[in-house]
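Remember, predicted model here, so these are calculated numbers, not experimental data.
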Amino acid sequence: MNFPAIRAIYKYEMARFFRTLMESLLSPVISTSLYFVVFGAAIGSRISEVDGVSYGAFIVPGLIMLSVMTQAISNASFGIYFPKFIDTIFEIMSAPINFFEIVIGYVGAAATKALLIGIVILATAQFFVDIEIQHPVAMLTFLVLTCLSFSLFGFIIGIWAENFQQLQLIPLLVITPLVFLGGSFYSISMLPPAWQTISLFNPIVYLMSGFRWSFFGQADVSVGFSLMAIAFFTAICLGVIWWIFKTGYRIKP
Amino acid sequence: MPPIVKVENLQKTYAGGFAALKGVSLEIEEGEIIALLGPNGAGKTTLISTLCGITAPTGGRAEVGGHDIITGYRKARAMIGLVPQEIALEPFEKVINTVKFSRGLFGKERDDALIERVLRQFSLWDKRNARIRELSGGMKRRVLIAKALCHEPRVLFLDEPTAGVDVELRRDMWQIVDGLRKSGVTIILTTHYIEEAEAIADRIAVISKGEILLVEDKAALMARMGHKTLRIDLRDPVDAVPDALADYDLELSEDRHSLTYHYDTRGEGTGITRLLQALAAEGLGLRDIQTTQSSLEEIFVGMIQEGAA
């Protein structure tokens with residue numbers, strides 16, 4: 001293993017994050033606060049409890065997930081797309097490192113950033129509602145796995161994208177709808193039966209369900225199923241990345 | 001001593017069907033400066049990119065320091081420093097951070113003293129905390145070289161180091177290369193400026209359309225291919241080349257004041273002695289004579305045309 005290389009990539013990527021620390025942290029904090037004002041206070045006050053939890057508290061896991069997924073994808077995709085865009089990727093490709101080390105560096109940094117943002121949002125939420133986390137270890141596990149798997153997914157998008165529009169395309173067209181329809185702000189048991197069935201094809205439902213269970217002890221689907229779903233998603237992303245480096249897809253002519 | 005870079009029948013055909021390298025073989029000795037000379041699109045950059053791992057070869061093999069570039073890529077690439085043709089640097093990063101990043105990327109532990117030495121060598125130490133975008137074009141090129149050297153490579157690839165730079169900066173770059181030669185680094189540079197190959201290389205490989213046409217010591221190449229011309233300025237103008245001198249294929253200048261004679265230094269005799277004697281016999285007085293050697297440029301253009309024919 002080329003540990004100095006992994007460290008170099010990780011540090012370099014984290015430096016970018018800290019260089020723009022205000023922007024990096026401020027925007028999720030502000031948007032979270034806005035969600036609380038709108039959903040928690042304005043609309044939430046007219047909604048009775050969901051599964052025995054006040055609506056304000058109920059949406060906290062969803063808000064964290066929404067930000068963490070979006071941030072993980074955008075950080076990881078930008079992290080690898082930018083060197084491609086400004087041609088500095090040549091240095092990575094000519095270095096004595098393998099694909100696994102490159103991925104650990106880039107994805108590790110992107111996942112760390114997303115995790116930090118998730119924690120900041122959780123802390124921000126404490127100002128608005130009282131939250132008790134029933135299964136802290138499970139909560140952290142789900143959070144870390146989500147950061148990792150969506151960073152892997154973002155990495156793939158970054159390699160695939162050939163311009164900035166494409167970089168935004170997948171998060172906008174695929175992820176945002178899936179997250180909103182994935183039970184971030186409601187329990188899928190609130191849906192009519194037909195829509196409940198359709199929802200089960202949305203992978204994010206499993207993530208949301210497991211993550212919310214770690215907070216409130218209630219889940220739409222079983223926790224084991226949630227873990228399997230995220231493991232499956234991670235494995236697919238890893239497989240695609242392995243294929244990318246094996247074939248040199250869009251990085252090695 | 002085994003060659004430090006060994007290329008055997010290396011081929012690269014791009015997905016579109018374009019054959020950029022059609023079986024290139026080349027051996028490079030440690031410590032030498034070799035220039036890959038060829039026109040744009042000859043395959044120079046493809047050759048370098050393939051050796052460095054940026055492009056995957058489609059045939060043949062290559063070794064750097066005895067390590068295969070595919071199966072032993074870690075050891076091979078750790079020995080290589082690459083300075084790309086285009087300035088590719090992250091504009092918002094500090095000089096020192098980008099250099100440190102390169103060192104780490106190539107698997108070397110942190111060494112602040114070495115980084116300082118490299119930055120000082122390229123007059124970048126005072127600019128170490130400047131952002132890349134604040135630097136001039138010349139400074140950016142120095143940063144690229146510093147990045148390539150900070151992991152102590154034994155082989156340095158310079159891809160068109162002076163393409164698009166002004167004359168002063170070019171001289172500057174030549175001095176840098178000369179300094180590197182003294183440090184024992186093997187240098188492979190690509191260029192389409194013959195002047196550049198002539199000024200700094202020990203050996204020259206002429207490459208055209210994905211093939212190496214020849215590899216030779218610069219001096220030997222110049223001598224072997226060297227056509228010379230002798231210009232004879234006459235004291236009094238003549239109306240035509242005298243019949244007695246017809247065998248020499250002389251050219252008379254427009255002002256009828258000078259004669260030009262072409263000869264080949266490779267030949268048994270140059271014919272100069274006989275020519276001068278013949279001139280004297282014709283009663284032509286000489287005011288001056290001068291010889292000029294054909295430049296690499298002329299040799300090169302001649303070869304490319306021969307290759308095309």
Side-chain angles (χ1 to χ4, degrees), chain A residues 1-24 75 78-106 108-109 158-159 162 243-253, chain B residues 12-16 18 20 45-46 48-58 64 67 69 72-94 97-111 131-132 144 147-148 151 153 157 159:
Chain A
M1 285 289 263
N2 185 346
F3 288 110
I6 298 173
R7 201 162 54 226
I9 295 175
Y10 185 84
K11 270 177 71 177
Y12 199 81
E13 285 300 300
M14 290 309 285
R16 196 206 317 278
F17 178 70
F18 287 115
R19 208 157 55 216
T20 55
L21 192 65
M22 284 305 283
E23 297 92 316
S24 300
N75 280 323
F78 186 79
I80 191 70
Y81 176 74
F82 193 55
K84 272 199 338 178
F85 180 67
I86 61 171
D87 287 332
T88 53
I89 189 89
F90 84 87
E91 201 179 14
I92 307 285
M93 299 311 295
S94 66
I97 47 179
N98 64 19
F99 99 92
F100 196 57
E101 291 153 354
I102 296 175
V103 171
I104 294 176
Y106 278 104
I159 297 237
E162 287 178 313
W243 174 83
I244 284 172
F245 278 89
K246 193 173 162 57
T247 58
Y249 174 76
R250 291 211 172 157
I251 47 171
K252 194 167 182 172
Chain B
K12 174 65 187 179
T13 305
Y14 284 101
F18 173 67
T45 300
T46 302
I48 287 189
S49 297
T50 309
L51 292 176
C52 293
I54 297 169
T55 308
T58 46
V64 177
H67 308 290
I69 59 161
Y73 74 97
R74 273 187 202 268
K75 284 181 177 167
R77 289 187 200 167
M79 296 175 71
I80 299 175
L82 168 63
V83 183
Q85 187 171 344
E86 305 291 336
I87 292 176
L89 292 165
E90 189 171 332
F92 309 109
E93 193 49 88
K94 284 182 183 174
N97 289 347
T98 181
V99 175
K100 282 181 173 173
F101 171 74
S102 298
R103 183 172 170 84
L105 199 60
F106 278 75
K108 291 279 165 48
E109 292 297 335
R110 184 175 168 168
D111 185 343
R131 308 256 174 225
I132 300 288
L144 282 175
K147 273 166 76 74
H151 65 272
F157 288 95
D159 195 2

Using a cut-off of under 4.5 Å for heavy-atom pairs, which of A56(B), A15(B), A76(B) has the most such pairs with chain A? A56(B)

Atom CD1 in I87(B), atom CD1 in I86(A): separation rounded to 0.5 Å? 12.5 Å

Between CZ on residue F106(B) and CD1 on residue I97(A), distance to nearest 0.5 Å: 8.0 Å

Side chain from CB out, backbone as N, CA, C, O: work out which of these in F82(A) comes under 4.5 Å of a heavy atom of chain B, or both, or neither. side chain

At a 4.5 Å cut-off on heavy atoms, which part of I92(A) comes close to chain B: side chain, backbone, both, or neither? both

Best-contacting candidate, A8(A), G248(A), P96(A), against chain B by heavy atom pairs under 4.5 angstrom: P96(A)

With only heavy atoms counted, which part of L105(B) is less than 4.5 Å from chain A, the side chain, the backbone, both or neither? both

Please tabulate the donor-acceptor pairs under 3.5 angstrom that span chain A and chain B, backbone and side chains included.
unit_1	atom_1	unit_2	atom_2	d
A5(A)	N	G104(B)	O	3.1
R7(A)	NH2	E109(B)	OE1	3.0
Y12(A)	OH	E90(B)	OE1	3.4
R16(A)	NH1	E90(B)	OE2	3.0
R19(A)	NH1	E93(B)	OE1	3.1
R19(A)	NH2	E90(B)	OE2	3.4
E91(A)	OE1	K147(B)	NZ	3.1
E91(A)	OE2	S102(B)	OG	2.3
M93(A)	O	R77(B)	NH1	3.1
A95(A)	O	R77(B)	NH1	3.0
P96(A)	O	R74(B)	NH1	3.3
E101(A)	OE1	R74(B)	NH1	3.2
E101(A)	OE1	R74(B)	NH2	3.3
E101(A)	OE2	R74(B)	NH1	3.2
E101(A)	OE2	R74(B)	NH2	2.8
K252(A)	NZ	G53(B)	O	3.3
P253(A)	O	K12(B)	NZ	3.2
P253(A)	O	A56(B)	N	3.4

